[in-house]
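What follows is one structure encoded as structure tokens, with my remarks underneath.
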Protein chains: 2
Amino acid sequence: MSSASTEATATHGTAQPMPSRRERARAATIAEIKETALRLMHEHGTTDLRFSDIAREMGMTAPALYRYFADGDDLLTALIVDAYDDLADAVREARDRVPEGDPSGRLFAVSQAYRTWARREPQRFALILGTPVPGYAAPEEGPTTEAARRAMTQLKSLFFDALDRGLLGEPLIGDVDESLRQHAENPQYSGRADERTLPPETFQAMLNCWVSLHGFTSLEAYGHLEFLSPEARDALFEAGVRLAAMAAGLPLPRARSESGSAGSADPGTT
Amino acid sequence: MSSASTEATATHGTAQPMPSRRERARAATIAEIKETALRLMHEHGTTDLRFSDIAREMGMTAPALYRYFADGDDLLTALIVDAYDDLADAVREARDRVPEGDPSGRLFAVSQAYRTWARREPQRFALILGTPVPGYAAPEEGPTTEAARRAMTQLKSLFFDALDRGLLGEPLIGDVDESLRQHAENPQYSGRADERTLPPETFQAMLNCWVSLHGFTSLEAYGHLEFLSPEARDALFEAGVRLAAMAAGLPLPRARSESGSAGSADPGTT
DNA sequence: CAACTGCGTTATGCTGCATAACGTAACACC
DNA sequence: GGTGTTACGTTATGCAGCATAACGCAGTTG
């Protein structure tokens, strides 16, 4: 999260137009509001937020917050955008910690990061990929959609890498439907730079990776896998990723289940 | 949904102790409250409910509702239990519409029902398997857990059937971790009657089916697959189920993707 | 130093949850 | 068939949170 330490970079500020003192103070306050909101959400274990609580935590009164956010939805939108970015960062960093030559290892790292992030911050995960928050109506085609695309691209690039290196075998799930083939050939959701397309089977397999990964992650994050021991959850998670990788035609990684440390391996990135 | 038509069955009432007039009226009112709450949730597309709105819809005043539900959480809990039951019913009915000799067909039907139910009633789906509702704290070990077990059992029985008929091949995902094996051998979450256990590989595969299915279902129900055309979503769904079935060692069903009617096939069960 | 701008405050209105206090109609029993 | 009892629904009340309005203060700017 972008905290109030903007001053440090500004001392030798040459490139950017050097925000005024006021602007810096304002940015810091905005950051503090968001941090406080997240902290309260985390403490209370919910996704709802009370302006009065946030203000009190900050030693202010509630109406003051309206100087920074038009209303509750506005704050929520900002939190959602941040969450997307943060998740995307966590995933990208995890991916980059594994050498490019090991695509299934990368898929594993990415999946692990996704899972770990969601488990560490279930509220933020819920904000972006869970139930739309009760009173909240997302701004149409707004910044949230844009942020979602950025996050999605991370996964895609992994498969491009594997493709480039000839490491993609024959995907297990064949018989790609014509409709999915269409999507594979003109990707509407990806950014601009990579107008490249994946083979339809790989595209389908990639989506399947995400779907399966998301299924486990959301079930776990919301406490619906509590009937399993932590070790069993780890094992189930690994088996799922392994299956998805296999189905995508990625070379199988060596079994990792021995260490049993799958759940807490990722050192965290936020 | 248990509606207000209790009277019809009571005319020839022989078995049950024939509830008094008052009790019937009360039950009818409770049912009406729940129905109204669901309708409003559906209309507003959220999972929050306002006592005042419900009461107004029913031509009453808000405080009257407290005669039937202690508070908002109490009503929510009732809705959650109902939703579990309803989903379990839908799944069971779908399963029973396919002959026992066709386990992968049954898995497909079950998955389809799960998906269709969630898409038809995303709010109720969110209630039971989504983010815990903001202000809501589930009663510990209460009726919701119990209801969840009942729903889960549906899936399990399908695999027992297949097992009994010798239709279970070798599951694709081997290497079952010891921790999962433990769970397979003494199922803590299942009901009472079926103390039977599944082979660990099958147990793991069953969980994987659920995880994968749930991933697709929740993503779709909450609108996160909107970037795909409906046909592409259908295709992705089928591919996922097929893969999960394959991984579980179920005999492959004949390809269904030709009809393209996967999304709207299920005639509905609520 | 005087006008401006932005920030934070108190004051106010509205809505929803929840309880209290009260009336009323159906039921139950002799 | 009256009479106490019970369940139901009402109006009245208190409280919390969102959001706006009106005001005061301080740092900024010419």
Side-chain angles (χ1 to χ4, degrees), chain A residues 4 6-7 10 17-34 36-37 39-41 43-79 133-137 139, chain B residues 4 6-7 10 17-34 36-37 39-41 43-79 133-137 139:
Chain A
T6 323
E7 307 206 4
M18 171 61 176
S20 76
R21 177 172 186 81
R22 268 191 173 164
E23 280 167 336
R24 277 179 289 139
R26 182 177 178 83
T29 306
I30 289 181
E32 190 187 349
I33 293 173
K34 293 197 285 193
T36 308
R39 186 166 52 78
L40 288 177
M41 274 180 19
E43 285 172 5
H44 295 119
T46 69
T47 55
D48 68 344
L49 37 84
R50 274 172 284 274
F51 264 44
S52 23
D53 287 1
I54 299 173
R56 183 165 357 95
E57 287 287 313
M58 297 176 60
M60 304 196 342
T61 56
L65 299 185
Y66 288 86
R67 295 279 179 194
Y68 302 93
F69 296 96
D71 55 8
D73 281 11
D74 194 28
L75 173 54
L76 214 45
T77 301
L79 293 178
V133 176
Y136 177 72
Chain B
T6 323
E7 306 208 6
M18 172 60 176
S20 75
R21 177 171 187 80
R22 268 190 175 169
E23 281 166 336
R24 277 179 290 140
R26 182 177 179 82
T29 307
I30 289 180
E32 189 186 349
I33 293 173
K34 293 196 284 194
T36 309
R39 186 165 53 78
L40 287 177
M41 275 180 19
E43 285 173 5
H44 295 119
T46 71
T47 54
D48 70 345
L49 36 84
R50 275 172 285 274
F51 264 45
S52 25
D53 287 3
I54 300 172
R56 184 164 358 95
E57 287 287 313
M58 297 176 61
M60 303 196 342
T61 57
L65 300 185
Y66 288 85
R67 295 280 179 194
Y68 302 93
F69 296 96
D71 55 8
D73 281 11
D74 194 29
L75 172 55
L76 215 44
T77 300
L79 293 178
V133 176
Y136 177 73

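Naming convention: chains lettered A, B, ... in sequence-line order (proteins, then strands); numbering from 1 in each chain. Computed over heavy atoms, backbone and side chain alike; hydrogens, waters and symmetry mates excluded.
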(message) At 4.0 Å (heavy atoms only), tell me whether Thr61(A) reaches a base, stays on the sugar-phosphate, or touches nothing.
(response) base

(request) Figure out the CD/P separation between Glu57(A) and dG17(D), and round it to whole Å. (result) 13 Å

(message) So if I take every side-chain heavy atom of Met60(B) and compare against dG9(D), dT11(D), dA21(D), which nucleotide ends up nearest?
(response) dG9(D)

(message) Evaluate Phe51(A) against Phe69(A) for ring-ring contact (aromatic ring centres under 6.0 Å, His included), listing each step before the verdict.
(response) CA-CA 10 Å; Phe51(A) 264 44; Phe69(A) 296 96; 7.7 Å; no

(request) Have a look at Leu49(B) and say if it touches a base, only the backbone sugar-phosphate, or nothing, with a 4.0 Å heavy-atom cut-off. (result) sugar-phosphate

(message) Distance check needed: dG6(C) C1' versus Leu65(A) CG, whole Å only.
(response) 15 Å

(message) So, OP1 or OP2 of dC17(C): does either fall under 4.0 Å of a side-chain N or O from Ser52(B)?
(response) yes

(request) Quickly work out the Asp73(B) CG to dG16(C) P distance and round it to whole Å. (result) 18 Å

(message) Run Thr29(B) and Arg26(B) through side-chain contact (heavy atoms from CB on, under 4.5 Å) and show every step you take.
(response) CA-CA 5 Å; Thr29(B) 307; Arg26(B) 182 177 179 82; 5.6 Å; no

(request) Measure from CD1 on Ile54(B) to C1' on dG16(C) and round the result to the nearest Å. (result) 12 Å

(message) Categorize Arg67(B) for me: base, sugar-phosphate, or nothing, with a 4.0 angstrom heavy-atom threshold over every strand shown.
(response) base

(message) Under 4.0 Å from OP1 or OP2 of dC27(C): is there any side-chain N or O of Arg21(B) that close?
(response) yes

(message) Which residue is it: Leu40(A), Leu75(A), Thr36(A)? I am looking for the one with a side-chain contact (heavy atoms from CB on, under 4.5 Å) to Leu49(A).
(response) Leu75(A)

(request) Figure out the CD/P separation between Glu23(B) and dA28(C), and round it to whole Å. (result) 10 Å

(message) If you assign Asp53(A) and Ala70(A) each to the DNA chain D nucleotide with the nearest heavy atom, which residue ends up on the more 5' nucleotide?
(response) Asp53(A)

(message) Would you compute the distance between atom CE of Met41(A) and atom CZ of Arg50(A) and round it to the nearest 0.5 angstrom?
(response) 12.0 Å

(message) Please tell me if Arg50(B) has a side-chain N or O lying less than 4.0 Å from either OP1 or OP2 of dC17(C).
(response) no

(message) Would the base of dT28(D) count as contacting Arg22(A) through its side chain, where contact means a donor and an acceptor less than 3.5 Å apart?
(response) no

(request) Would you kindly give the OH-to-C1' distance between Tyr68(B) and dA7(D), to the nearest whole Å? (result) 8 Å

(message) Under 4.0 Å, heavy atoms only, any strand: does Phe69(A) hit a base, just the sugar-phosphate, or nothing?
(response) nothing

(request) Using whole Å, report how far CG of Leu76(A) lies from P of dG17(D). (result) 17 Å

(request) Could you check how far CZ of Arg56(B) sits from C1' of dG16(C), rounded to whole Å? (result) 11 Å

(request) Just call it for Tyr66(A): base, sugar-phosphate, or nothing, with non-hydrogen atoms closer than 4.0 Å on any strand. (result) base

(message) Does Glu32(B) form a side-chain contact (heavy atoms from CB on, under 4.5 Å) with Tyr68(B)? I'd like the steps, not just the answer.
(response) CA-CA 11 Å; Glu32(B) 189 186 349; Tyr68(B) 302 93; over 6 Å; no

